[in-house]
*Asks:* 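Quick one: the structure is below, and I'll ask about it shortly.
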There are 2 protein chains.
Amino acid sequence: MILEKKHAFNRFAAGKGLRSTRQREIILDFFLATHQHVSVEELYLKIKAVHPGIGSATVYRTLKLFVEAGLAREVLLHDGQTRYEHVVEGEHHDHLVCTGCNAVIEFENETIEKLQDEIATRHGFLIKSHKLEIYGLCARCRAAAKT
Amino acid sequence: MILEKKHAFNRFAAGKGLRSTRQREIILDFFLATHQHVSVEELYLKIKAVHPGIGSATVYRTLKLFVEAGLAREVLLHDGQTRYEHVVEGEHHDHLVCTGCNAVIEFENETIEKLQDEIATRHGFLIKSHKLEIYGLCARCRAAAKT
DNA sequence: ATCCCTGCAAACACTTTGCATGAAA
DNA sequence: TTTCATGCAAAGTGTTTGCAGGGAT
């Protein structure tokens with residue numbers, strides 16, 4: 001699956017006449033090695049630890065390419081940073097965001113997706129993407145709040 | 001309904017020991033006179049046209065108070081600005097956001113809300129708020145894109 | 001008389017951009 | 001050898017904060 005993504009990116013890059021550079025390879029590797037909602041800063045720091053030469057602007061620029069290439073998706077959770085997550089084809093999940101501890105729980109619900117399609121159809125709207133975020137307190141923070 | 005909101009804010013202000021100032025009255029008036037997703041900047045400019053003395057920091061600060069007071073809700077549509085909309089009690093709607101012309105269509109769907117409750121319960125999660133945004137092309141932009 | 005609120009400007013955090021250099025084609 | 005990508009620093013955003021003066025209680 002990782003290889004697949006690399007190929008996907010190479011195809012995309014070739015199609016757009018983009019060059020294959022060491023930095024892009026590195027950033028892709030590190031991105032693929034992450035889980036859940038990395039912010040640019042986080043990814044940048046991880047990479048810099050191993051490859052000190054890299055610039056944060058490059059990480060910003062490259063993550064946008066990944067989005068264009070369909071490998072990554074922007075996720076904006078109320079924390080003032082742009083985060084990215086992996087795109088897994090045919091799968092979409094949404095987020096429960098705990099405002100107590102900032103934990104993020106992912107969930108999937110097909111019925112909700114279908115209802116969205118219906119709503120869109122009713123408005124003549126063509127869906128490209130969507131984002132459902134539920135904010136509140138996770139089980140642990142609820143328990144902690146009670147004491 | 002507008003008066004109701006003013007009273008709601010006064011009650012909130014009194015409860016928190018906040019002062020009633022000319023600026024807060026003005027900002028509340030202008031906010032109540034707007035429709036749909038004003039950004040702080042937009043509101044600030046409208047106010048400034050009539051009350052040049054006002055500072056944008058005050059508008060920022062005051063809108064946050066409105067959120068605390070339950071009169072307003074933050075809406076973040078991918079455009080890099082914080083926007084606010086009115087809270088109408090017991091009513092919640094979500095948004096179809098057109099990436100072509102930036103139009104925002106509101107919709108309500110009770111079934112989706114219920115499904116969210118179920119999901120939350122399943123995870124022991126206590127919902128405080130949620131946000132569902134569907135991005136894509138509105139009917140008009142779809143038609144335009146075809147030509 | 002207190003202490004909150006305001007306006008201004010400076011500070012902020014995150015992100016984007018301009019430019020000279022270096023690397024890929 | 002042309003052209004794209006990079007790193008750096010500077011410039012941008014939108015938003016927040018510190019502070020001295022003004023206003024509400």
Side-chain angles (χ1 to χ4, degrees), chain A residues 9-31 37-69 72 74-84 102, chain B residues 6 9-31 37-69 72-84 102:
Chain A
F9 183 63
N10 288 337
R11 257 178 276 126
F12 167 81
K16 290 205 72 173
L18 303 178
R19 292 184 180 166
S20 143
T21 67
R22 223 181 90 261
Q23 288 86 334
R24 286 180 181 165
E25 297 253 321
I26 292 172
I27 297 172
L28 183 52
D29 278 342
F30 274 79
F31 176 65
H37 327 115
V38 228
S39 70
V40 186
E41 178 77 3
E42 281 163 15
L43 192 60
Y44 168 60
L45 291 177
K46 281 187 195 183
I47 295 174
K48 206 169 105 168
V50 185
H51 306 274
I54 210 138
S56 63
T58 304
V59 180
Y60 277 99
R61 288 189 275 233
T62 307
L63 282 170
K64 297 207 161 191
L65 286 180
F66 293 169
V67 173
E68 269 192 80
E74 250 187 58
V75 192
L76 302 168
L77 315 167
H78 263 170
D79 69 347
Q81 288 194 257
T82 306
R83 297 175 168 276
Y84 293 89
N102 292 313
Chain B
K6 291 198 180 186
F9 183 64
N10 288 338
R11 258 178 275 125
F12 167 81
K16 290 206 69 169
L18 301 178
R19 291 183 181 165
S20 142
T21 66
R22 224 182 90 262
Q23 289 85 335
R24 286 178 181 166
E25 297 253 321
I26 292 172
I27 297 171
L28 183 52
D29 277 342
F30 274 80
F31 175 65
H37 327 115
V38 228
S39 69
V40 186
E41 178 77 3
E42 281 163 16
L43 192 62
Y44 168 59
L45 291 177
K46 280 187 195 184
I47 296 173
K48 206 169 105 169
V50 185
H51 306 275
I54 209 139
S56 62
T58 304
V59 180
Y60 276 99
R61 288 188 273 233
T62 307
L63 282 170
K64 298 206 161 192
L65 286 180
F66 293 169
V67 172
E68 270 192 79
R73 182 186 356 230
E74 251 188 55
V75 191
L76 301 169
L77 316 168
H78 264 169
D79 68 348
Q81 288 194 257
T82 306
R83 297 174 168 276
Y84 293 88
N102 291 314

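By convention in this document, chain letters (A, B, ...) are assigned in the order of the sequence lines, proteins followed by strands, and residues within each chain are numbered from 1.
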*Asks:* Could you work out which one of dA5(D), dA9(C), dT15(D) sits closest to the side chain of Val40(B)?
*Replies:*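 Output: dT15(D).
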*Asks:* Given Ile47(B), which partner from the list Thr58(B), Ile54(B), Asp29(B) fulfils the side chain to side chain contact (heavy atoms under 4.5 Å, CB included) test?
*Replies:*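 When Thr58(B), Ile54(B), Asp29(B) are each tested with Ile47(B), the side chain to side chain contact (heavy atoms under 4.5 Å, CB included) holds only for Ile54(B).
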*Asks:* Among dT6(D), dA9(D), dT6(C), which nucleotide has an atom closest to any side-chain atom of Thr21(A)?
*Replies:*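 Shortest atom-to-atom distance from the side chain points to dT6(D).
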*Asks:* Any side-chain heavy atom of Asp79(A) sitting closer than 4.5 Å to one from Asn102(A)?
*Replies:*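 In short, these two side chains do not touch, never coming nearer than 4.5 Å.
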*Asks:* Rounded to whole angstrom units, what separation is found between the CZ atom of Arg22(B) and the P atom of dT25(D)?
*Replies:*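 Distance check: Arg22(B) CZ to dT25(D) P gives 14 Å.
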*Asks:* Expressed in angstrom and rounded to an integer, what is the separation of Leu43(B) atom CG from dG14(D) atom P?
*Replies:*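 It is 15 Å, rounded to the nearest whole Å.
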*Asks:* Over how many whole Å does the gap from Ile54(B) atom CD1 to dC5(C) atom C1' extend?
*Replies:*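 In whole Å, dC5(C) C1' and Ile54(B) CD1 are 12 Å from each other.
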*Asks:* So, does the side chain of Arg61(B) form a donor-acceptor pair with the base of dC5(C) at under 3.5 Å?
*Replies:*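 Per atom types, no contact qualifies.
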*Asks:* Gly53(B) near the nucleic acid: base, sugar-phosphate alone, or nothing, with a heavy-atom cut-off under 4.0 Å?
*Replies:*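 The residue Gly53(B) makes sugar-phosphate contact but no base contact.
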*Asks:* Can you tell me which nucleotide in dG7(D), dC8(C), dG14(D) comes closest to the side chain of Tyr60(B)?
*Replies:*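 My answer, after comparing the listed nucleotides, is dG14(D).
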*Asks:* Rounded to whole Å, how long is the line connecting atom CD of Glu25(A) with atom C1' of dT6(D)?
*Replies:*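 After rounding, the gap between these two atoms is 15 Å.
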*Asks:* May I have the distance from Ile47(A) (atom CD1) to dT6(D) (atom P), rounded to whole angstrom?
*Replies:*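 My rounded result for the distance is 12 Å.
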*Asks:* Measure the distance from CD on Gln81(B) to P on dT13(D) and round it to the nearest whole Å.
*Replies:*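 So the CD-P distance, Gln81(B) to dT13(D), works out to 11 Å.
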*Asks:* For a quick check of understanding: with a heavy-atom distance under 4.0 Å over all strands, which category does Lys64(B) fall into, base, sugar-phosphate or nothing?
*Replies:*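 Sugar-phosphate: the residue Lys64(B), judged by heavy atoms under 4.0 Å, touches backbone atoms but no base.
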*Asks:* Calculate the interatomic distance between Leu63(A) atom CG and dT15(C) atom C1'; express it in whole Å.
*Replies:*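 From Leu63(A) CG to dT15(C) C1': 12 Å.
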*Asks:* What class does the angle between the rings of Phe66(A) and Phe9(A) fall in, given that below 30° is parallel, 30 to 60° is tilted and above 60° is perpendicular?
*Replies:*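 The arrangement is perpendicular - the two ring planes meet at more than 60°.
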*Asks:* Whole angstroms only, please: what is the CZ-P distance between Arg19(A) and dA5(D)?
*Replies:*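 Taking CZ of Arg19(A) and P of dA5(D), I get 6 Å after rounding.
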*Asks:* By nearest heavy atom, map Gly55(B) and Gly17(B) onto DNA chain C; which one lands nearer the 5' end?
*Replies:*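 Closer to the 5' end of DNA chain C: Gly17(B).
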*Asks:* Give one of base, sugar-phosphate or nothing for Thr82(B), where a contact means two heavy atoms less than 4.0 Å apart.
*Replies:*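 Here Thr82(B) touches the backbone only, sparing every base.
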*Asks:* In the structure I gave you, are the side-chain heavy atoms of Val50(A) and Phe30(A) within less than 4.5 Å of one another anywhere?
*Replies:*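 SC-SC contact between Val50(A) and Phe30(A) confirmed.
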*Asks:* Any base atoms under 4.0 Å from Ser20(B), or only sugar-phosphate, or nothing? Heavy atoms, all strands.
*Replies:*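 Result for Ser20(B) = sugar-phosphate.
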*Asks:* Could you pull out the closest heavy-atom pair between Glu42(A) and His37(A), with the gap in Å?
*Replies:*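 Heavy-atom minimum between the residues: OE1-O, 4.0 Å.
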*Asks:* So which nucleotide from dT6(D), dC5(C), dA5(D) ends up closest to the side chain of Gln23(A)?
*Replies:*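 When the side chain of Gln23(A) is considered, dT6(D) is the closest of dT6(D), dC5(C), dA5(D).
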